[in-house]
Enquirer: 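Dropping the structure in here first, questions after.
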Amino acid sequence: MPELPEVETVRRALEPRLRGLTISACEIRKPGFNHKALPGALRAAQGETIAAVRRRGKYLILDLSNGKNLVLHLGMSGRLSFGQNGPHTRFVLRAGSVSVAFHDPRRFGRVGCALPLLGPEPLSPEFTPEHLFRALKKSRAGVKTLLMDQRVVAGLGNIYATEALYLAKIRPGRPGRRVSRAECAALHDAIVRVLSLAVESGGSTLEDESFLDPAGNPGGFQKFVNVYGRKAGRACGHALKATPKPLAGRTSLYCPQCQK
DNA sequence: ACGAGTACCTGGCAGC
DNA sequence: TGCTGCCAGGTACTCG
C-alpha cells in the first residue's frame, strides 16, 4: 500500500511527536514477524533519543543519538498508529508519553532492517530528466517495471508509476530504451507533479481505506487519481485497459488512446 | 547478467 | 449463506 507520499505523510505525523524523546520500548509483539531484522537493531535503539525522523524512498528512518538508526518499512499492508494495539499489531515503540503501534496483517513490513541501495529521491534535485533517460536507456524491461525499481528512482509503486505514465502519455509496457529524451522530460515532470500533489494531499486512501495516517486521518489524493483502480480515465474519459501480462508482477492499467 | 517469475502472508470480496 | 478462488499500495529471491 504505502508508496512515497503515504510514507512521507506518516513521517510528517511522527516527526513532531517523537523528536527529542527517549525510546523506552522497542519490541516485536508477534513471533514470526520481522525475521529479516538486523540482529540487535531493536535492542540498540533502547534508551536512545530520537534525533530526527527521516524518509528515504518508502523507508522511514529514526536517527538516534548514538549515531545509529532504526529503519522501518511498511510493506504492503503496514500502518503506524499512535496508541492503540490491535489484533495485527506486530511491533510497538514507546518514547516519552508517546506510543506508536505497527499494524501489519500481511506481515511484509520490516523493522530494524538495513537500508538497501536506492536511486535518487524523486523530489530532490538529484532526480533529473537526464538521470531518468540514462537509467531507462540501459534496459529492455518495460518502463513501468523500471519506474518501480527502487534503484532507478526511490519511492514509486504501482499507483504513482501508473499515474505518472498516464500523464506523460507513455504505455507502461514500452521498453525503457525506447523512451525518447523528450518523453523522459515529460515523464520526469509527471513523476514530480504526481508525487508533489499526492504528498500535499496526504497520500491516497482508496475505497478499502487501507491507508490512514498515525492519527487515523485518510489522505486525499484519491480525488485526483486518473487511472489506478478505475474503468475510465478521469481526465480523458476513455476506457482503460490492462496490459496483457502484468508488469513486475502487478496489474498495469493504461489508456490505449492517450498513451503510446 | 538481465529480467521474468515466484515466494512471502492475510483479508476482503466477487461469483457460484 | 457459505465456500472457493482471486486479488491487493512491496521486496527479494531463484531460475532460465
Side-chain angles (χ1 to χ4, degrees), chain A residues 1-10 28 30-38 55-60 71-80 86-91 102-119 135-165 172-178 194-195 198-199 201-213 218-222 224-231 242-253:
Chain A
M1 161 241 330
E3 304 180 32
L4 184 151
E6 290 75 33
V7 179
E8 177 61 19
T9 300
V10 172
I28 297 297
K30 285 279 169 25
F33 179 61
N34 203 38
H35 55 285
K36 295 246 164 107
L38 297 172
R55 179 192 57 72
R56 181 80 174 89
K58 302 174 194 172
Y59 292 81
L60 278 172
V71 176
L72 291 87
H73 193 289
L74 299 175
M76 204 90 128
S77 59
R79 177 159 114 67
L80 297 182
H88 302 300
T89 301
R90 311 292 184 190
F91 167 80
F102 187 145
H103 312 283
D104 187 12
R106 280 176 83 180
R107 304 202 274 150
F108 292 159
R110 288 166 191 202
V111 185
C113 55
L115 198 65
L117 193 63
L118 295 169
L136 296 190
K137 203 174 173 180
K138 278 188 222 158
S139 172
R140 312 146 105 86
V143 55
K144 177 160 173 269
T145 301
L146 295 167
L147 292 184
M148 292 195 294
D149 181 340
Q150 303 299 299
R151 294 165 303 184
V152 170
V153 55
L156 289 171
N158 204 13
I159 295 179
Y160 298 106
T162 296
E163 296 299 314
L165 286 165
R174 171 128 56 108
R177 63 193 327 169
R178 302 242 199 90
V194 158
L195 292 178
V199 168
S201 309
S204 298
T205 302
L206 302 175
E207 287 176 11
D208 57 9
E209 302 213 332
S210 55
F211 173 70
L212 299 172
D213 79 9
F221 186 75
Q222 60 282 4
F224 304 109
V225 166
N226 276 300
V227 185
Y228 186 87
R230 295 181 54 103
K231 299 234 162 80
T243 55
K245 285 182 186 168
L247 295 168
R250 336 305 290 244
T251 310
S252 298
L253 285 179

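Below, read A as the first sequence line, B as the second, and so on, with proteins coming before strands; counting in each chain starts at 1.
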Enquirer: The criterion is salt bridge (charged side-chain N to carboxylate O under 4.0 Å, His left out); which residues satisfy it with A:R107, sequence neighbours excluded?
Expert: none

Enquirer: With sequence neighbours left out, what residues match A:R90 under salt bridge (charged side-chain N to carboxylate O under 4.0 Å, His left out)?
Expert: none

Enquirer: Give the rounded distance in Å between these two atoms: OH of A:Y228 and P of C:dC7.
Expert: 13 Å

Enquirer: If you restrict it to nitrogen or oxygen atoms, what contacts under 3.5 Å exist between nucleotides 8-11 of chain B and the protein, and what is each distance?
Expert:
residue : atom : partner : partner atom : Å
B:dC9   : O3'  : A:R107  : NH2          : 3.1
B:dC9   : O2   : A:R106  : NE           : 3.0
B:dT10  : OP1  : A:R107  : NH2          : 3.1
B:dT10  : O4'  : A:P105  : O            : 3.4
B:dG11  : OP1  : A:H88   : NE2          : 3.4

Enquirer: Where along nucleotides 11-16 of chain C does protein come under 4.0 Å, by heavy atom, of base (B) or sugar-phosphate alone (S), with - for untouched nucleotides?
Expert: BS----

Enquirer: For nucleotides C:dA12 and B:dG11, find the distance between their P atoms and express it as a whole number of Å.
Expert: 24 Å

Enquirer: Give the rounded distance in Å between these two atoms: CG of A:L247 and C1' of B:dG3.
Expert: 12 Å

Enquirer: For A:L253, give me all partners under side-chain contact (heavy atoms from CB on, under 4.5 Å), at least two apart in sequence or on another chain.
Expert: A:V227, A:A242

Enquirer: Rounding to an integer number of Å, can you tell me how far A:D149 CG sits from C:dG10 P?
Expert: 13 Å

Enquirer: Given Watson-Crick or G-U pairs with both distances under 3.5 Å, what dot-bracket string fits DNA chain B, with | for other-strand pairs and [ ] for crossing?
Expert: .|||||||.|||||||

Enquirer: Using the P atoms only, state how far B:dG5 lies from C:dC7, rounded to an integer number of Å.
Expert: 15 Å

Enquirer: Who passes ring pair (Phe, Tyr, Trp, His ring centres under 6.0 Å) against A:Y228, sequence neighbours left out?
Expert: none

Enquirer: If the condition is side-chain contact (heavy atoms from CB on, under 4.5 Å), which residues does A:T9 pass it with, not counting sequence neighbours?
Expert: A:F211, A:D213

Enquirer: According to a strict under-4.0 Å criterion, is A:T251 in side-chain N/O contact with OP1 or OP2 of C:dC7?
Expert: no

Enquirer: So, A:Q150 side chain and A:G155 main chain: donor-acceptor pair closer than 3.5 Å or not?
Expert: yes

Enquirer: Sequence neighbours excluded, which residues qualify as side-chain contact (heavy atoms from CB on, under 4.5 Å) partners of A:P218?
Expert: A:T205, A:L212

Enquirer: Would you mind classifying the nucleic acid contact of A:S139 as base, sugar-phosphate or nothing, using non-hydrogen atoms under 4.0 angstrom?
Expert: sugar-phosphate

Enquirer: Could you give the distance separating C:dC6 and B:dT6 at their P atoms, to the nearest angstrom?
Expert: 14 Å

Enquirer: For A:F108, enumerate each residue passing the ring pair (Phe, Tyr, Trp, His ring centres under 6.0 Å) test, keeping only those at least two apart in sequence or located in another chain.
Expert: none

Enquirer: Would you indicate what A:Y160 reaches in the nucleic acid, counting non-hydrogen atoms under 4.0 angstrom: base, sugar-phosphate, or nothing?
Expert: nothing

Enquirer: Give the ring-plane orientation class for A:F91 versus A:F102, where under 30° counts as parallel, over 60° as perpendicular and anything between as tilted.
Expert: perpendicular

Enquirer: Kindly write out the residues that satisfy side-chain contact (heavy atoms from CB on, under 4.5 Å) with A:P2, not counting sequence neighbours, or none if the list is empty.
Expert: A:E6, A:V7, A:L74

Enquirer: State which residues pass salt bridge (charged side-chain N to carboxylate O under 4.0 Å, His left out) with A:R140; sequence neighbours excluded, sorted by chain then number.
Expert: none

